[in-house]
Amino acid sequence: QVQLVESGGGLVQAGDSLRLSCAASGRTFSTYAMGWFRQAPGKEREFVAVISRSGQSTYYANSVKGRFTISRDNAKNTVYLQMNSLKPEDTAVYYCAADQGMGVGVDHYDYWGQGTPVTVSS
């Protein structure tokens, strides 16, 4: 089992950058693929990015490709989401999640953090 705690959210203006962090507990962090998801008000939770256990493979939603970068530091049990060129439509609560494989579906993931809110003003 793994516990996840996100941080780094906040209020920014369009075009700004933010880096989200997700700290994981336990010694098995490197055995999990890690994903980032987001949920805007009134909308379903959606996939943002995923990174493999080693960090060598990544995959992004089309809406964030080229602007967001997912990375991980297995020595620190932490996964990051660097968000550049933020847009108002990126406003959402951002969640990290862990699972054995690199899925893109919400149902694929067994472990979730509590979320960190990101608000992008125009």
Side-chain angles (χ1 to χ4, degrees):
Q1 191 169 355
V2 61
Q3 293 183 328
L4 306 172
V5 179
E6 303 95 334
S7 62
L11 172 63
V12 297
Q13 293 186 333
D16 286 350
S17 298
L18 271 179
R19 188 176 82 156
L20 306 183
S21 299
C22 172
S25 64
R27 299 180 180 179
T28 60
F29 177 72
S30 62
T31 68
Y32 292 96
M34 298 298 298
W36 282 99
F37 290 75
R38 66 187 181 186
Q39 188 166 15
K43 295 188 177 181
E44 294 186 350
R45 194 169 299 189
E46 65 176 7
F47 168 78
V48 174
V50 63
I51 189 166
S52 64
R53 301 172 191 180
S54 67
Q56 290 188 334
S57 297
T58 58
Y59 182 73
Y60 298 91
N62 287 336
S63 58
V64 307
K65 197 174 297 182
R67 299 188 298 123
F68 290 10
T69 302
I70 188 171
S71 62
R72 67 189 296 162
D73 185 337
N74 285 345
K76 296 182 178 180
N77 283 10
T78 302
V79 62
Y80 304 98
L81 186 68
Q82 178 66 43
M83 305 187 295
N84 298 331
S85 302
L86 282 162
K87 304 175 181 180
E89 51 264 44
D90 294 320
T91 295
V93 177
Y94 283 72
Y95 299 88
C96 67
D99 200 71
Q100 300 295 321
M102 290 182 65
V104 300
V106 171
D107 292 343
H108 184 84
Y109 288 79
D110 292 329
Y111 304 106
W112 292 85
Q114 83 290 347
T116 185
V118 173
T119 303
V120 184
S121 64
S122 58

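Taking each heavy atom of Q100 and T31 in turn, the nearest pair found is OE1-O, 3.3 Å. When all heavy atoms of E6 and G113 are compared, the closest pair comes out as OE2-CA, 3.2 Å. Minimum interatomic distance between V12 and L86 (heavy atoms only, all atoms of both residues): CG2-CD1, 3.8 Å. Smallest separation of non-hydrogen atoms from G9 and T116: N-OG1, 3.1 Å. The two residues A40 and T91 have their closest heavy-atom pair at CB-O, 3.6 Å.
The closest side-chain heavy-atom distance from T69 to Y60 is below 4.5 Å.
Side-chain contact check for Y94 and R38: at least one donor-acceptor pair (N or O, by modelled atom type) lies under 3.5 Å. One side chain, N84 or S17, offers a donor N or O that lies under 3.5 Å from an acceptor on the other.
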Between F68 and W36, is a ring-ring contact (aromatic ring centres under 6.0 Å, His included) present by the stated rule, with each step listed?
CA-CA 11 Å; F68 290 10; W36 282 99; 9.9 Å; no
Walk me through it: do F37 and Y109 pass the test ring-ring contact (aromatic ring centres under 6.0 Å, His included)?
CA-CA 11 Å; F37 290 75; Y109 288 79; 5.1 Å; yes
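No more than 12 heavy-atom neighbours from other residues, nucleotides or ligands sit within 6.0 angstrom of CD on Q13.
Interatomic distance, C22 SG to R72 CZ, rounded to the nearest 0.5 Å: 10.0 Å.
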